[in-house]
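Proteins get letters first, then strands, A, B, ... in listed order; numbering begins at 1 in each.
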2 protein chains.
Amino acid sequence: MKNDPRLSLRLHFEQGLTFGRGKADLLQGIAEEGSISGAGRRLKMSYRRAWALVEEMNGNFRAPLVDSSRGGAKGGGATLTELGQAVLADYRALEAMLRKAPELDSLRASLCDMSDKK
Amino acid sequence: MKNDPRLSLRLHFEQGLTFGRGKADLLQGIAEEGSISGAGRRLKMSYRRAWALVEEMNGNFRAPLVDSSRGGAKGGGATLTELGQAVLADYRALEAMLRKAPELDSLRASLCDMSDKK
DNA sequence: ATTGGTTATGTCAGACTAAACATATCGGAA
DNA sequence: TTCCGATATGTTTAGTCTGACATAACCAAT
């Protein structure tokens, strides 16, 4: 119930940016793993892609969501900025609100059961 | 404010179906225009695509959302089934709930202003 | 200096998507 | 019977997105 795989909320803003579970999970992964590559491994996503998503986010928000540094003993790493933490929290809040909405259950009940193929 | 172009909510269900503003607007267009092609014209979407979306929806829900008939004086037409109306209403309700959420304003405030290019 | 894990980019083929064009069918109304 | 606007599909091309591979730069610790 913590991470409902059945539901995914994607927001599409006028600036052209889309923000959904992929980016949210990536932000969370970075926060918990301490690096972009670590988050990529956890999410089974190539570093190339993870990095591209980070760049997209950093470029579309007022300020970067992810702060990264390279080199050093551990090779470098990345952390969430305060804005990054706030954005992640906001998204999670919206997700939780959506999950509790009765209309969502109504929609689910209108779908085919899982037993249906393709 | 009725149709906020800045925001789009897309739901991704486990069955693989995605349902967002495109399909919702299409359903509404069909309800108001009385035909798939009319809705397509209004939404500036090819009939080919509009029809494909309808078929996808009809196939992924318990029962069809759109009822269509061909031939006749007006060439045919399409209307929403009760389930179709219900699904549309549920989606609009979720959309409205989301729009009122304070976290959404918070997210918006974190984005770049419109003046930014690309 | 060497090392190791990470950030940061480039490239390129293949998969997937979207758009454009083309037909065939239907059936009430004139 | 002919016509018209709509449904219902097929085909093809163009464009976009994705994934895999490759490489360079970075720098604290050893």
Practice item. Would you check if the side chain of B/Gln15 reaches a backbone N or O of A/Cys112 as a donor-acceptor pair within less than 3.5 Å? Key: yes
Review point. Does A/Asn58 use its side chain to pair, donor to acceptor, with the backbone of A/Leu65 at less than 3.5 Å?
Key: yes
Point to revise | Ionic contact status for B/Lys23 with B/Glu56, cut-off 4.0 Å | key: yes
Practice item. Applying salt bridge (Lys or Arg N to Asp or Glu O under 4.0 Å), run through A/Glu32 and A/Arg42 and close with a yes or a no. Key: CA-CA 10 Å; A/Glu32 295 175 8; A/Arg42 172 194 285 195; 2.8 Å; yes
Study note, to complete from the structure: When rounded to the nearest 0.5 Å, the distance separating CG of B/Leu88 from CG of B/Leu83 is 11.0 Å
Review point. Looking only at side-chain N and O atoms, does B/Ser68 come under 4.0 Å of OP1 or OP2 in D/dA8?
Key: yes
Revision key, fill the gap. For A/Leu27 and A/Gly84 the tightest heavy-atom approach is CD1-O, 4.2 Å
Study note, to complete from the structure: Heavy-atom contacts, protein to nucleotides 19-30 of chain D, under 4.0 Å, summarised as B (base), S (sugar-phosphate only) or - (none) per nt, yield S------BBBS-
Practice item. Mark yes or no for whether B/Tyr47, through its side chain, and B/Gly40, through its backbone, hold a donor-acceptor pair below 3.5 Å. Key: no
**Study point:** Within residues 79-86 of chain A: residues closer than 4.0 Å to DNA chain D (heavy atoms)
**Key:** none
Review point. Any donor and acceptor pair, going by atom type alone, linking the side chain of B/Arg21 with main-chain N or O of B/Leu7 inside 3.5 Å?
Key: yes
Practice item. Of all the heavy-atom pairs spanning B/Thr81 and B/Pro64, show the shortest one and how long it is. Key: OG1-O, 2.8 Å
Review point. Rounded to whole angstrom units, what separation is found between the CD atom of B/Glu55 and the C1' atom of D/dA8?
Key: 9 Å
Exercise for review: Please find the earliest and latest nucleotides of DNA chain C, in the 5' to 3' direction, that have an atom within less than 4.0 Å of any heavy atom of chain B.
Suggested key: C/dA18 to C/dA29
Check your understanding: Quick one: does B/Tyr91's side chain have a donor or acceptor within less than 3.5 Å of a partner on B/Leu9's backbone?
Key -> yes
